[in-house]
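Read through the structure below, which is laid out as structure tokens, and then see the notes.
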Amino acid sequence: MSSRYNIKETEKKWRRIWDERESFKVSEDSTKPKYYVLEMFPYPSGRIHVGHVRNYTLGDVVARYRRAQGFNVIHPMGWDAFGLPAENAAIERGEHPDKWTHENIDAMRAQLKSMGLSIDWSREVTTCDADYYRHEQKMFLDFYKKGIAYRRESMVNWDPVDNTVLANEQVIDGKGWRTGAPVERRKLNQWFLKITDYADELLECVKKLDGWPEKVRIMQENWIGKSQGVRFSFALEDASEKIEVYTTRHDTIFGVSFIVLAADHPVAQKLCKGKPGFEDFVRKCQATGTSEEAIEKAEKLGFDTGFKAINPLRPKSKIPVLVANYVLMDYGTGAVMGVPGHDQRDFEFAAKYKLPVLPVISNERSEEKSQDNQGDSSHTLGMTEAYTGDGIMINSDFINGMNVEEAKQAVAAKLVEMKIGTVTTQFRLRDWGISRQRYWGCPIPIIYCDACDIVPVPEKDLPVTLPQDVTFDKPGNPLERHPTWKNVKCPKCGAAARRETDTFDTFFESSWYQFRYCDPHNEKLPVAKDRAKYWMPVEQYIGGVEHAVLHLLYARFFTKIMRDCGYVDCDEPFTGLFTQGMVTHATYKDKDGKWLLPTDVIIDGDKVKDKNGNPVTVGRIEKMSKSKKNVVDPEDIMDTYGADAARLFILSDSPPERDLEWTESGIEGAWRYVNRLHKIILDAGNNLPAAGAAQPSNFDDKSLALRRAAHKAVKGVAEDIESFQMNKAVAKVRELSNAIGTYEGDGWVLREALEVLVKLMNPMMPHLAEELWQMLGHKTLLVDEAWPQFDAGLLTQETVTIGVQVNGKLRASITLAADAGEGEAREAALAQDNVVKFMEGKAVRKFIYVPGKIVNVVVG
RNA sequence: GCGGGUGUGGUGGAACUGGUAGACGCGCCAGACUCAAAAUCUGGUGUCCCUAGGACGUGUCGGUUCGAGUCCGACCACCCGCACCA
């Protein structure tokens, strides 16, 4: 007869029961308030990692808690199944992406199920299946009809050896990851969605998303980057071309000392045609990858066109025109006015190419260094950086003496009056490029015909499915070289035509899956309008901060264009958002400097060795990654300690928004606690009155104290879960179980406390809670039980102990009635020996009493 | 480079809107049980001087306040994102 808790069997048993009773299957129910809990769906890489466990545990706590609160909770799961890793697996191991992906999904589904998540698996979606992606092909055609989707040229990373497009991730130090060849920027015709048309709405709405973390809202606002500025042109001295620039710092127009153009700016191309060295320079510019980071970090390079531009407000001054690698044609006008005195990037460029610095805003530093600079200085005036703050305009003609804001107004007015400039609003946000030159994605339903140009695939021919017979033996897109797939007849004229061989960016799939879960088997529509109306928006979305900008912005945008195409009646997909931190682990290296898995390391006190007894170096605690081998396998963990212990540990130590350090001792501690809880109920079992027995008429002090603890926990745990402070919720559950563990007294009170405990721990450790609920004699399932109610009368304290300070330093503490007045507090405080001692006989100058908080006696 | 964040004992963290810093864990120490060990249970545990008590203490430096982990300014360290990884 073992009384020990059989974790594996018990957990399996409850999962089977939930499954049999379809406990988590939901449908629309107008009698109940709905609650939509969604975690970012996983990419099916093959195995779940601890980051997934954290994500889905957090969501499950919320889902189970809301369900106990009486909500009709929808909590679905699916697979973000298109993407690069499947193609890499195909290249490396010869496995077909479809097979590889579906096998991974099966493996990961089993792993996720073993976590005991309260998921409605009947709503599972897989984005690489045609019954999912057919709907986005239809939506794309609608976007095209409405002018939201369009085609234009844009830059990609090009590997000149493999003759293939590289993802930014595949560019390492400017070189292709497989070939090592220097990457080039190359122009390609690609599809875009006009997210810039929605910039204003996306900006205005994000400001109102008060269920989102402030930091994410700020990041999105900055990403959209609305600015007010002026667009105007510089004429050239010896050429008829004009150079249009956009600037938000038109106040510094008298400080312009050069103009820079993008290498592929039409004016640059024209002016420099045939100029010695220009072709080389353009090639050098194109040698940087397309990522903003790479461009910003690259050494600034310039090429003098030899031409001079004329400052429209100071026609006498002729300023050099250069071509530079830090200006991009995609941004603004592809030309920038250089103001090295007041822009750090321009300053660095000027310092390197010995361009003059003309300070036009006075501040302490510039006043010392430039007395009366009239605009022909040829040095940096000893300045070490640009001055970007406010100040008084100097060396600036009619705006001298104004501050920055006044100067902006005056210059803008002047340029408008002269009819050479316009005041404009500009966004940093660029249109969303959705074309990918890859096989494993959703085909773009477009046909190119020599006669009819761009022809949408007729709706009756949807979905355009991926051909299965593809090979990955050569670099590049297999669709491109498929013998038959791309050759079709033009739907309009019947002539020979070609399919688009690009596929969608995988952000396309993840931009609307939240809708698909509401109606996952609908064959006609992405989602029926009324179903979306019932379930949307998502009350609680949970995922990593790494998605703070791109995925979340695209999903918000997609919701708005689906709305405008008549699919749904929803403005914002996610009203509540929580961004979790990473999971980290210590790193280990053997004596040869090779990374070691935590399971290959033996820690004995402060000695760390490998399996052969060789010393191991313990490195920094870092984000779990395969490359550093500092990973633990959730399946191993759940096998050894059970899902509840894994869930508990994930929740207990760190606040969810911060990084979580996975430790062996931590998971062991959680496991011990799971067993301890089981033992507490087991020990109490026989001494308890039956469930539902009558409440005694009065309680002794000990009983009252336990009741207080239980009711306080009900309130506290609910508050903590709602504010996502799961670590505090766990601490409160532990406090309650500590109080129960030391309690000896009335059985009714003990049962009350135990039942509260079991209900409070249920969202965190659902298998154990269900088992304990049964051990307490209940026939119902805990998943169907309501969250306990607390008695507010048990939460108020009659007396409080507060600190007494003398001149701000704590000297004593006093216990007072909670509603004691200042007189009582003063009397009690001044009666304390230690208070008298530190007053040193001096008079009370000020007496501060904050009821329930503190007394501060100020003397001297 | 630009944008966003984090920093509290040996350790993960707690501290409500400025009011007794260290809840709850992990680790460690001591005790109980045991022939012994493991497991379990009980107690202790910021540092220093150690005396009932005191001094110091929330990344660093400065400020506001009767009172600062919390507010303000400057700095340091580390982390995340940067549009084709998802």
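The side chain to side chain donor-acceptor pair (under 3.5 Å) with H585(A) is formed by just one residue from the set E664(A), E622(A), K623(A); it is E664(A). Tested against Y132(A) for a ring-ring contact (aromatic ring centres under 6.0 Å, His included), the candidates W79(A), W512(A), Y513(A) yield a single pass: W512(A).
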Review point. When you look at N189(A) and E153(A), which way does the side-chain hydrogen bond (donor to acceptor under 3.5 Å, both in side chains) test go after all the steps?
Key: CA-CA 4 Å; N189(A) 252 317; E153(A) 280 195 320; 5.1 Å; no

Practice item. Would you check, one step at a time, whether the test side-chain hydrogen bond (donor to acceptor under 3.5 Å, both in side chains) holds for T501(A) with Y439(A)? Key: CA-CA 8 Å; T501(A) 55; Y439(A) 168 74; over 6 Å; no

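For the pair L166(A) and I802(A), nearest-nucleotide mapping onto RNA chain B gives the more 5' position to I802(A). With RNA chain B read from its 5' end, the first of the two nearest nucleotides for K846(A) and V165(A) is the one closest to K846(A).
Residues D431(A) and T196(A) have side chains that bring a donor and an acceptor to within less than 3.5 angstrom of each other.
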Study note, to complete from the structure: Encoded 5' to 3' (Watson-Crick or G-U under 3.5 Å; [ ] crossing; | other strand), RNA chain B becomes (((((((..(((......[....)))((((((.......))))))((((...))))..(((((..]....))))))))))))....

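Here, G73(B) and C79(B) have their C1' atoms 24 Å apart, quoted to the whole Å. With C1' as the reference atom, U6(B) and G44(B) are 33 Å apart, rounded to whole Å. Rounded to whole Å, the separation between the P atoms of G13(B) and A68(B) comes to 25 Å. The separation of A30(B) from C76(B), taken at their C1' atoms, amounts to 41 Å, rounded to a whole angstrom. On the P atoms, G3(B) is 14 Å away from C75(B), given to the nearest whole Å.
Using a 4.0 Å cut-off, some side-chain N or O of N222(A) falls inside it from OP1 or OP2 of G4(B). Considering only side-chain N and O atoms, S665(A) lies nowhere under 4.0 angstrom from the phosphate OP1 or OP2 of G27(B). Contact between the side-chain N/O atoms of R438(A) and the OP1/OP2 oxygens of C85(B) is not found at any separation under 4.0 Å. Residue R436(A) places at least one side-chain N or O closer than 4.0 Å to OP1 or OP2 of C84(B).
Considering only side-chain atoms of L84(A), the nucleotide from G19(B), A83(B), A86(B) that sits closest is A86(B). Among C84(B), G4(B), A83(B), the nucleotide with an atom closest to any side-chain atom of K215(A) is G4(B). Closest to the side chain of S813(A), from the set G4(B), C26(B), U20(B), is U20(B). When distances run from any side-chain atom of E292(A) to the nucleotides U6(B), C82(B), C84(B), the shortest one goes to C82(B). Of the listed nucleotides (G4(B), A83(B), C26(B)), G4(B) has the atom at the smallest distance from the side chain of I218(A). Out of C66(B), C79(B), C84(B), the shortest distance to the side chain of N168(A) is found at C84(B). The side chain of P655(A) lies closest to G13(B), out of G19(B), C80(B), G13(B). Side chain of E546(A), nearest nucleotide from A83(B), G81(B), U20(B): G81(B). Among the nucleotides C84(B), G19(B), C79(B), the one closest to any side-chain atom of R620(A) is C79(B). For S654(A), the listed nucleotide lying nearest its side chain is G12(B); candidates were A86(B), U6(B), G12(B).
A salt bridge is defined here as a Lys NZ or Arg NE, NH1 or NH2 lying under 4.0 Å from an Asp or Glu carboxylate O, and E221(A) with R428(A) fails to meet this definition. Taking the charged nitrogens against the carboxylate oxygens, R345(A) and E296(A) do have a contact shorter than 4.0 Å, which makes a salt bridge. Using a cut-off of 4.0 Å between Lys/Arg side-chain N and Asp/Glu carboxylate O, R438(A) and E87(A) are scored as not salt-bridged. Taking a cutoff of 4.0 Å between a charged side-chain nitrogen and a carboxylate oxygen, E299(A) and K352(A) qualify as a salt bridge. Salt bridge annotation for R217(A)-E214(A): present, with a cationic side-chain nitrogen under 4.0 angstrom from a carboxylate oxygen.
For the pair K300(A) and Y326(A), the cation sits on the ring face: its NZ or CZ lies under 6.0 Å from the ring centre, inside 45° of the axis. Relative to the ring axis of F192(A), R151(A) does not place its NZ or CZ within 45° and under 6.0 Å from the centre. Both tests do not hold together for R436(A) against F504(A): distance to the six-membered ring centre under 6.0 Å, angle to the ring axis within 45°.
The CD-P distance, from E184(A) to C84(B), rounds to 20 Å in whole Å. Across the protein-nucleic acid pair, W662(A) atom CH2 and C26(B) atom P stand 15 Å apart, rounded to whole Å.
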Taking only nitrogen or oxygen atoms into account, show me every contact under 3.5 Å that the protein makes with nucleotides 54-59 of chain B, one pair per line with its distance.
from	atom 1	to	atom 2	distance (Å)
G54(B)	OP1	N834(A)	ND2	2.7
A55(B)	OP1	R811(A)	NH2	3.3
A55(B)	OP2	R811(A)	NH1	3.2
C56(B)	OP2	K809(A)	NZ	3.0

Using a cutoff of under 3.5 Å, can you pull out all pairs of nitrogen or oxygen atoms linking the protein to nucleotides 22-24 of chain B, with atom names and distances?
from	atom 1	to	atom 2	distance (Å)
A23(B)	O2'	E735(A)	OE2	3.4

Write down the protein N/O and nucleotide N/O pairs, taken from nucleotides 41-49 of chain B, whose separation is under 3.5 Å; answer none if there are no such pairs.
from	atom 1	to	atom 2	distance (Å)
C41(B)	OP1	R676(A)	NE	3.4

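Contacts of Y554(A) classified as ring pair (Phe, Tyr, Trp, His ring centres under 6.0 Å), with partners at least two apart in sequence or in another chain: W432(A), F507(A). I848(A) meets the side chain to side chain contact (heavy atoms under 4.5 Å, CB included) test with K846(A), V850(A), N856(A), V858(A); sequence neighbours excluded.
Using a 90° window around 0 for the glycosidic torsion, G9(B) falls inside it and is classed as syn.
Using bins of under 30°, 30° to 60° and over 60° for the plane-to-plane angle, the ring pair F508(A)/F558(A) lands in the perpendicular bin.
Counting distance only, with no hydrogens placed and no angle test, the side-chain atoms of Q437(A) and the base atoms of C84(B) include a donor-acceptor pair under 3.5 Å. Side-chain N/O atoms of N856(A) and base N/O atoms of C66(B) include a donor-acceptor pair closer than 3.5 Å.
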